[in-house]
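Have a look at the structure below before the remarks.
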Number of protein chains: 2
Amino acid sequence: MEHIKEKLSQGGYKLTRQRQVILEVMQDSEGEHLSAEEVLQVARHKSPSLGIATVYRTLERLAGLGILYKTRFDEGKYRYELADDAEHQHHHVQCIRCGRIFELDEGLLDSIEQEIMKQGFTVINHFLTIYAICPECNQD
Amino acid sequence: MEHIKEKLSQGGYKLTRQRQVILEVMQDSEGEHLSAEEVLQVARHKSPSLGIATVYRTLERLAGLGILYKTRFDEGKYRYELADDAEHQHHHVQCIRCGRIFELDEGLLDSIEQEIMKQGFTVINHFLTIYAICPECNQD
DNA sequence: CAGAAAATGATAATGATTATCATTATTGGA
DNA sequence: TCCAATAATGATAATCATTATCATTTTCTG
Ligand SMILES: [Mn+2]
Ligand SMILES: [Mn+2]
Ligand SMILES: [Zn+2]
Ligand SMILES: [Zn+2]
């Protein structure tokens, strides 16, 4: 948390009550991937007058600072989660039957990255989503 | 083209004038990734009364049949391209400076897939986009 | 404290996509 | 060939997530 506060102030942002609450929501939802609207609903328990515009602005800033990951699955909206401290975002497998999302190791793409670097690119980030049928759904 | 017509009729769709025109547009734009609106603009050269709803419907059906790939880069809309005959979609590197899109080999993710299969998943498809600085932009 | 700058919340605007519906085209029998 | 059923189309309205705007409030700095 201290770590996060540092990043915020380094980015030139103040830790307002609203931002604090939104951060707490993200920390309390470990393992989930929340949409802006979902963040708003939960955050309003602590800050009832919170506006959706502030949620969008805050999530955007936090993602820009690397504090959050911002991912779009197979639907029209973005979802957010607290970032781990890896260099790049981790990746996901989504089950096309039950919709559950599974996390993948961050390092999985390292060899691919190497290959691309060799061709003269500088890799900044990468996004991978795999669509699959999960072990459980496979049993039916 | 025959190949494509087959897929269409197997999917229960007729090859109407509009669908023909849209398919021609996609074939004539090898290497590009077109949005629905861009497809409409070009297709209207041959079929001026074509409506945007038909373009969306057709692109959606063609993607569903595996004739087109449907990809969203870092912007709000989908882009389409003619599919190659690989099992899964190929992947992209987009330069964050000049915006150009580079194609990646389809097989790159095979080893990752193997790994996930071992865990009991059945992989259906996967989407990877890498954001990087391309060799040319790297020179500045 | 005063003034400047940053942040917030309500709400309007945007833009891509989807839904609706009346009209038109196609098709497989009678 | 004609008809009825079905599929497809095009215009346009509706949807929905996100962004922009702007007046108000909060925070900071001197
Ligand atoms: Mn995740
Ligand atoms: Mn491509
Ligand atoms: Zn499942
Ligand atoms: Zn470039």
Side-chain angles (χ1 to χ4, degrees), chain A residues 4-5 7-26 33-65 67-81, chain B residues 4-5 7-26 33-65 67-81:
Chain A
I4 289 177
K5 283 185 191 165
K7 274 196 182 175
L8 256 181
S9 70
Q10 278 177 359
Y13 301 115
K14 301 160 193 165
L15 186 58
T16 62
R17 167 78 186 146
Q18 288 87 339
R19 287 171 184 169
Q20 171 100 46
V21 167
I22 290 170
L23 270 169
E24 283 169 14
V25 169
M26 298 311 295
H33 301 81
L34 301 180
S35 68
E37 195 59 46
E38 288 167 351
V39 172
L40 177 70
Q41 293 316 319
V42 182
R44 276 193 168 158
H45 296 154
K46 287 180 180 171
S47 183
S49 66
L50 182 64
I52 185 69
T54 298
V55 173
Y56 272 108
R57 277 186 296 239
T58 301
L59 294 175
E60 187 60 34
R61 275 159 185 66
L62 294 177
L65 292 170
I67 296 169
L68 299 181
Y69 292 156
K70 179 182 179 185
T71 310
R72 202 193 318 238
F73 298 97
D74 212 5
E75 50 172 359
K77 59 193 149 201
Y78 287 103
R79 294 187 167 273
Y80 301 82
E81 69 187 307
Chain B
I4 289 177
K5 283 185 191 167
K7 273 197 184 176
L8 257 181
S9 70
Q10 276 177 0
Y13 301 115
K14 300 160 193 165
L15 185 58
T16 62
R17 167 76 185 148
Q18 288 87 340
R19 287 170 183 170
Q20 170 102 45
V21 166
I22 290 170
L23 270 168
E24 283 170 15
V25 169
M26 298 312 294
H33 301 81
L34 301 179
S35 67
E37 196 58 47
E38 287 167 351
V39 171
L40 177 70
Q41 294 316 319
V42 181
R44 278 193 166 159
H45 295 153
K46 287 179 178 170
S47 183
S49 67
L50 182 64
I52 185 69
T54 298
V55 174
Y56 273 107
R57 277 186 295 238
T58 301
L59 294 175
E60 187 61 31
R61 275 160 185 65
L62 294 176
L65 292 171
I67 296 170
L68 299 181
Y69 291 157
K70 178 182 180 184
T71 310
R72 201 191 321 236
F73 297 97
D74 211 5
E75 49 172 358
K77 60 191 147 202
Y78 286 104
R79 294 187 168 275
Y80 301 82
E81 69 186 308

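A, B, ... follow the sequence lines: proteins, then strands. Residue 1 opens every chain.
Within the 4.5 Å cutoff, no side-chain heavy atoms of B:I22 are placed close to those of B:L40. Using a 4.5 Å heavy-atom cutoff, the side chains of A:L23 and A:L15 are in contact. Using a 4.5 Å heavy-atom cutoff, the side chains of A:E37 and A:K77 are not in contact.
Remark: P of D:dT9 and OH of B:Y56 are 17 Å apart, rounded to the nearest angstrom. Atom pair B:E38:CD and C:dA16:P shows a separation of 10 Å (rounding to whole Å applied). Atom P of nucleotide D:dA7 and atom CD of B:E60 are separated by 19 Å, given to the nearest angstrom. Rounded to whole angstrom, the span from the OH atom of A:Y78 across to the C1' atom of D:dT18 amounts to 9 Å. For the pair A:L15 CG and D:dT26 C1', the interatomic distance rounds to 14 Å; values are reported in whole Å. Atom pair A:F73:CZ and D:dA17:P shows a separation of 16 Å (rounding to whole Å applied). In this entry the distance linking CD of B:E75 with C1' of C:dT17 reads 14 Å, nearest Å. Atom C1' of nucleotide C:dA25 and atom CD of B:Q20 are separated by 16 Å, given to the nearest angstrom.
At the heavy-atom level, B:Q18 lies under 4.0 Å from the strands shown only through sugar-phosphate atoms. Note on B:R57: a base of the nucleic acid sits closer than 4.0 angstrom, heavy atoms only.
Of the candidates C:dT11, C:dA6, C:dT17, C:dT17 carries the atom nearest the B:K77 side chain, counting heavy atoms from C-beta on. When the nucleotides C:dT17, D:dA11, D:dA20 are ranked by their closest atom to the side chain of A:A53, D:dA20 comes out on top. For A:Y13, the listed nucleotide lying nearest its side chain is C:dA7; candidates were C:dA7, D:dA8, C:dA16. Candidate nucleotides D:dT18, D:dT12, C:dG9 were compared by shortest atom distance to the side chain of A:A36, and D:dT18 ranks first.
Comparing A:R61 and B:T16 by the nucleotide of DNA chain C that holds the closest heavy atom to each, the one mapping nearer the 5' end is A:R61. Residue order along DNA chain D, read from the 5' end via each residue's closest nucleotide, puts B:T54 first among A:E37 and B:T54.
OP1 or OP2 of D:dT9 sits under 4.0 Å from a side-chain N or O of B:R19. Neither OP1 nor OP2 of D:dT9 sits under 4.0 Å from any side-chain N or O of B:S49.
Recorded end-axis angle for the helix from C:dC1-D:dG30 to C:dA30-D:dT1 stands at 20°, based on five pairs per end and rounded to 10 degrees.
Side-chain atoms of B:S47 do not come within 3.5 Å of backbone N or O of B:A43 as any donor-acceptor pair.
Here B:R61 contributes atom CZ and B:Y13 contributes atom OH; the two are 5.0 Å apart, rounded to the nearest 0.5 Å. Atom CD of B:Q18 is separated from atom OG of B:S49 by 7.0 Å, given to the nearest 0.5 angstrom.
Checked against A:M26 for a side-chain contact (heavy atoms from CB on, under 4.5 Å), the options A:I67, A:I4, A:V39 give a single hit: A:V39. Just one residue in the list A:R79, A:K70, A:E38, A:E81 forms a side chain to side chain donor-acceptor pair (under 3.5 Å) with A:H33, and that residue is A:E81.
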